[in-house]
> 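I have a structure I would like to understand better, so I am pasting it below and will then ask my questions one at a time.
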Amino acid sequence: MPKKLGVYLLSYNRPGFVQEAIDSILAQDYNDFELIISENSPDNTVLIQLEKYSKDPRVKIVKRNPSLPSLVHFSTLFSEAKKYEFAMLFHDDDVLLPSALTKMMSEIEKNETLAAVSCNALLTKNAENTNMFFNPNLKKNIIIKSQAQLINRYIFKKLSHTPFPSYIYRTRLISGMKLNPANGGKYSDVSFLVSVVNRGPFSWLAEPLMRSRQHSANDSVDLNMADISSLSRFFLKTCPYLIFNILFYYAKHLAKKLLA
């Protein structure tokens, strides 16, 4: 029998970070999980580092050969996760705080309608841990019930959202779903979540239960206007009555790009 929760760690070429991410998962005070390290680096440098975890019965190491494109990697893991009742896709440069899985699993198990639960995060900037919140405006737990509500969270900075790696999904409610690059390119994690919330509400926990690392190699550092345009079109197709909010979103990013 598989464990209740499958925690998938997406590993790609970050030998300086990946062990800290793994250790934070294995140190959780929640026990009913398996850790699947999906090693997607183009060579074996990181794989050699992972050998010491191979004897832990909670750990399975899968080497992707050849390496998968980033969005294909995500979609592959969502497909593989159907063997578990719940699944989490975690990044190899972030860190879980010790009670993260206990608190998030408690939340999603007590409400059968939830498609997912996620949490706030503390930031690690320039290799230094800080007490800054990923979303300082998330001051109490909330339920995200609609696509429009979620889209507005991404449009307006004063609302903001939770980090993508913090999500635990109820796998039966994400069956058949994948990240679609036609809906936002590198921002298709956002369009994916907007599609998931159409299958069931999200619970967002205000407590920071992970550390989100900000560094120069983050994919979000470089603003891609073609992908912002693609995501804006997806927003408009999904919630056309939000047209003025969506135009504001596009214009805000265009101005940021022009002033950079």
Side-chain angles (χ1 to χ4, degrees), residues 5 7-30 33 35-41 45-47 49-50 52-53 58-59 70-71 73-74 77 87-105 107 116-142 153-154 157-169 186-187 189-190 192-193 202-224 256 260:
L5 170 66
V7 180
Y8 287 82
L9 184 74
L10 291 91
S11 171
Y12 183 81
N13 246 17
R14 287 180 174 142
F17 298 145
V18 66
Q19 292 189 63
E20 186 179 5
I22 294 170
D23 290 342
S24 77
I25 297 169
L26 296 179
Q28 291 295 298
D29 56 18
Y30 180 84
F33 76 95
L35 170 60
I36 304 91
I37 304 171
S38 185
E39 214 315 270
N40 196 41
S41 305
T45 302
V46 177
L47 189 63
Q49 282 191 322
L50 301 180
K52 69 177 185 177
Y53 298 103
R58 298 170 294 176
V59 177
S70 176
L71 299 185
H73 192 198
F74 273 100
L77 298 188
M88 181 183 211
L89 273 63
F90 199 65
H91 290 178
D92 59 354
D93 55 349
D94 294 324
V95 172
L96 280 181
L97 299 182
S99 62
L101 297 185
T102 293
K103 292 180 178 180
M104 285 193 285
M105 287 297 293
E107 180 72 9
V117 60
S118 71
C119 64
N120 214 335
L122 295 171
L123 297 181
T124 297
K125 303 182 73 171
N126 301 319
E128 296 293 329
N129 290 338
T130 77
N131 292 320
M132 298 170 59
F133 280 41
F134 180 94
N135 183 350
N137 299 306
L138 184 60
K139 300 184 184 300
K140 62 180 181 179
N141 298 349
I142 63 170
R153 287 270 166 181
Y154 279 91
K157 187 175 181 179
K158 286 187 176 181
L159 296 176
S160 194
H161 49 90
T162 54
F164 185 60
S166 74
Y167 276 81
I168 292 177
Y169 305 89
K186 73 174 188 176
Y187 308 112
D189 54 341
V190 180
F192 172 80
L193 291 173
F202 299 163
S203 178
W204 283 3
L205 304 182
E207 182 181 358
L209 298 175
M210 63 171 286
R211 281 198 170 273
S212 179
R213 191 185 302 272
Q214 296 186 347
H215 54 87
S216 59
N218 286 136
D219 187 50
S220 58
V221 170
D222 296 320
L223 187 60
N224 186 312
K256 184 178 179 180

> Is Glu20 salt-bridged to Arg211, going by a charged N under 4.0 Å from an acidic O?
no
> Quick one: are Val59 and Leu50 in side-chain contact, heavy atoms under 4.5 Å?
no
> Taking the side chain as everything from C-beta on, heavy atoms only, tell me whether Leu159 gets closer than 4.5 Å to Arg153.
yes
> So Ile36 and Leu77, side-chain contact (heavy atoms from CB on, under 4.5 Å) or not? Walk me through it.
CA-CA 10 Å; Ile36 304 91; Leu77 298 188; 5.9 Å; no
> Taking C-beta and beyond as the side chain, do Tyr53 and Gln19 meet within less than 4.5 Å on heavy atoms?
yes
> Side-chain contact test, heavy atoms from C-beta onward, threshold under 4.5 Å: evaluate it for Phe133 versus Pro208 and give yes or no.
yes
> In the structure I gave you, are the side-chain heavy atoms of Asp222 and Lys186 within less than 4.5 Å of one another anywhere?
yes
> Looking at every heavy atom in both Val95 and Ser24, which two are closest together, and how far apart are they?
CG1-CB, 3.5 Å
> Going through the distances and angles, do Ser41 and Glu39 end up as a side-chain hydrogen bond (donor to acceptor under 3.5 Å, both in side chains)?
CA-CA 6 Å; Ser41 305; Glu39 214 315 270; 2.8 Å; yes
> Could you state the interatomic distance from CE (Met104) to CD (Glu207), rounded to the nearest 0.5 Å?
10.0 Å
> Applying side chain to side chain donor-acceptor pair (under 3.5 Å) as the test, list every pair that has at least one member in residues 125-137; sequence neighbours left out.
Thr124-Asn129
> Is the closest side-chain heavy-atom distance between Asp92 and Val46 below 4.5 Å?
no
> Roughly how far, to the nearest 0.5 Å, is SG of Cys119 from NZ of Lys103?
10.0 Å
> Using side-chain contact (heavy atoms from CB on, under 4.5 Å), reason through Tyr169 and Leu193 one step at a time and then give a plain yes or no.
CA-CA 10 Å; Tyr169 305 89; Leu193 291 173; 3.7 Å; yes
> Nearest 0.5 angstrom please: Met88 CE to Tyr167 OH, how far?
11.5 Å
> Would you say the side-chain atoms of Tyr12 and Asp93 include a donor-acceptor pair closer than 3.5 Å?
no
> Specify the closest pair of heavy atoms between His73 and Ser38, including all atoms of both residues, with the distance to one decimal.
NE2-OG, 2.6 Å
> What heavy-atom pair brings Asn224 and Tyr187 nearest, and what distance separates the two atoms?
N-OH, 3.1 Å
> Can you tell me how far the CG atom of Asp94 sits from the CZ atom of Phe164, to the nearest 0.5 Å?
12.0 Å
> Residues in side-chain hydrogen bond (donor to acceptor under 3.5 Å, both in side chains) with Ser118, at least two apart?
Thr162, Trp204
> Would you say that Leu10 contacts Phe90 through its side chain, given a criterion of any heavy-atom pair below 4.5 Å between the two side chains?
no
> Give, for atom CG of Asn40 and atom CG of Leu9, the distance between the pair rounded to the nearest 0.5 Å.
11.5 Å
> Taking side-chain hydrogen bond (donor to acceptor under 3.5 Å, both in side chains) as the test, write out the residues that go with Gln28, two or more places apart.
none
> Between atom OG of Ser166 and atom NE2 of His161, what is the distance when rounded to the nearest 0.5 Å?
10.5 Å
